[in-house]
Peer 1: 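First, the structure itself, so that you have it in front of you.
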Amino acid sequence: MSADERRRMIVQSVLPLLVEYGAGVTSSQIARAAGIGEGTVFRVFKDKDELFATCFAEALKPDQVLDAIAVIDLDQPLDDRLIEAADALSAHLQRMGALMAVMHGSGKRPEHRRNEHRDHSDRRKESMSAMRDAMAELFEPEKDRLRLPPTQSAALFLSLLFSGRIRFSETGDEPTTMELVDVFLNGALGAA
């Protein structure tokens with residue numbers, strides 16, 4: 001296994017542990033989850049802080065959700081496509097939120113220096129653009145029926161989805177995915 005493959009394997013093994021235990025996860029738990037010796041963890045990562053920072057960076061990547069969106073069948077109705085994509089995007093947000101909450105609560109957050117903050121901002125913009133572009137593909141078959149171009153429709157849908165999930169998750173007033181898609185496609189007003 002190459003060094004990069006080993007790093008990825010360790011990070012994938014540690015992410016669920018971080019959600020469950022936060023920064024209190026032990027080296028022994030990390031090694032056991034990854035199926036390697038403790039010494040191997042620290043030959044790959046300088047220390048736990050570097051491992052945690054790498055886990056944060058991995059959790060922020062949209063790769064998993066982009067893969068889920070890419071396999072959505074474009075022959076099914078648009079509302080079904082959007083519901084499937086919204087569920088995948090919501091799961092991505094929940095994973096990120098759970099990791100951030102646990103790590104913040106345990107007092108461990110990756111250190112961000114000024115230039116790293118700019119890099120983080122650039123990665124976030126790239127991530128959002130990639131998600132918008134993936135969503136635009138779902139709108140493409142209906143482009144002749146859309147009031148706005150697919151890319152703009154996708155951006156609006158993501159804005160509605162993300163703001164709805166973030167703002168209402170603590171109040172219990174969160175709309176279902178089906179309700180959100182219905183309002184997006186058909187508006188807030190019912191039939192006259």
Peer 1: For Phe56 and Leu18: C-alpha separation, side-chain torsions, deciding distance, then whether side chain to side chain contact (heavy atoms under 4.5 Å, CB included) applies.
Peer 2: CA-CA 10 Å; Phe56 270 100; Leu18 286 175; 5.9 Å; no

Peer 1: Evaluate side chain to side chain contact (heavy atoms under 4.5 Å, CB included) for Glu58 paired with Gln12, printing each intermediate quantity in order.
Peer 2: CA-CA 9 Å; Glu58 183 63 28; Gln12 291 305 315; 3.3 Å; yes

Peer 1: In Å and rounded to the nearest 0.5 Å, what is the OG to CG distance from Ser90 to Leu161?
Peer 2: 4.5 Å

Peer 1: Hey, does the side chain of Glu20 reach the backbone of Leu17 with a donor-acceptor pair shorter than 3.5 angstrom?
Peer 2: no

Peer 1: Count the heavy atoms belonging to other residues, nucleotides or ligands that lie under 6.0 Å from CD of Gln64, then report whether that count exceeds 12.
Peer 2: no

Peer 1: To the nearest 0.5 Å, tell me how far Ser13 OG sits from Met9 CE.
Peer 2: 5.5 Å

Peer 1: Just verifying a value: how many Å separate Arg132 CZ and Phe157 CZ, rounded to the nearest 0.5 Å?
Peer 2: 15.5 Å

Peer 1: Closest heavy-atom contact between Leu138 and Leu78?
Peer 2: O-CD1, 3.5 Å

Peer 1: Verify, without hydrogens or angle tests, whether Lys48 (side chain) and Val25 (backbone) share a donor-acceptor contact under 3.5 angstrom.
Peer 2: yes

Peer 1: Give a yes or no on whether a salt bridge exists between Arg43 and Glu38, defined as a side-chain N under 4.0 angstrom from a carboxylate O.
Peer 2: no

Peer 1: Just checking, is any N or O donor in the side chain of Ser127 or Arg124 under 3.5 Å from an acceptor N or O on the other one?
Peer 2: no

Peer 1: Would you check if the side chain of Ser159 reaches a backbone N or O of Ala155 as a donor-acceptor pair within less than 3.5 Å?
Peer 2: no

Peer 1: Show, in sequence, the C-alpha distance, side-chain angles and deciding distance for Met128 and Phe162, and conclude whether the side chain to side chain contact (heavy atoms under 4.5 Å, CB included) test is met.
Peer 2: CA-CA 11 Å; Met128 289 303 296; Phe162 288 166; 3.3 Å; yes

Peer 1: If I take atom CG from residue Asp75 and atom CG from residue Asp80, how far apart are they, to the nearest 0.5 angstrom?
Peer 2: 12.0 Å

Peer 1: Whether the Ser28 and Arg32 side chains hold a donor-acceptor pair (N or O, under 3.5 Å, no angle test) is what I'd like checked.
Peer 2: yes

Peer 1: Group every Ile, Leu, Val, Met, Phe, Trp and Tyr by side-chain heavy-atom contacts under 4.5 Å, then state whether Met178 and Leu180 land in the same group.
Peer 2: yes

Peer 1: Can you tell me if Thr40 uses its side chain to pair, donor with acceptor, with the backbone of Ile36 under 3.5 Å?
Peer 2: no

Peer 1: Do Val11 and Phe45 touch side chain to side chain, with heavy atoms closer than 4.5 Å?
Peer 2: yes

Peer 1: So, for Cys55 and Leu15, which heavy atoms are closest and what is the spacing to 0.1 Å?
Peer 2: O-CD2, 3.5 Å

Peer 1: Taking all non-hydrogen atoms of both residues, which atom of Phe139 and which atom of Leu82 are closest, and how far apart?
Peer 2: CZ-CD2, 3.7 Å

Peer 1: Please determine, by modelled atom types, if Thr26 and Gln29 share a side-chain donor-acceptor pair under 3.5 angstrom.
Peer 2: yes

Peer 1: For Ser163 and Leu160, which heavy atoms make the closest approach, and how far apart are they?
Peer 2: OG-O, 3.4 Å

Peer 1: Run the salt-bridge test on Glu142 and Arg81 with the 4.0 Å N-O cut-off and return the result as yes or no.
Peer 2: yes

Peer 1: For the OG atom of Ser153 and the CZ atom of Phe184, what is their distance to the nearest 0.5 Å?
Peer 2: 5.5 Å

Peer 1: Please name the pair of heavy atoms, one in Glu137 and one in Leu74, separated by the smallest distance, quoted to 0.1 Å.
Peer 2: O-CD2, 3.8 Å

Peer 1: Return the minimal non-hydrogen interatomic distance between Glu140 and Pro150, and the atom names on each side.
Peer 2: OE1-CG, 3.4 Å

Peer 1: For side chain to side chain contact (heavy atoms under 4.5 Å, CB included), just list the numbers for Glu84 and Ile69, CA-CA rounded to whole Å, side-chain angles, deciding distance to a tenth of an Å, and then say yes or no.
Peer 2: CA-CA 8 Å; Glu84 200 173 328; Ile69 293 170; over 6 Å; no

Peer 1: Hey, what do you get for CD1 (Ile83) to CD (Glu179), rounding to the nearest 0.5 Å?
Peer 2: 10.5 Å

Peer 1: If Ile, Leu, Val, Met, Phe, Trp and Tyr residues are connected whenever their side-chain heavy atoms lie under 4.5 Å apart, and connections chain through other members, are Met135 and Leu148 in the same group?
Peer 2: yes

Peer 1: Return yes if some donor-acceptor pair links the side-chain N/O of Glu50 with the main-chain N/O of Lys46 below 3.5 Å, else return no.
Peer 2: yes

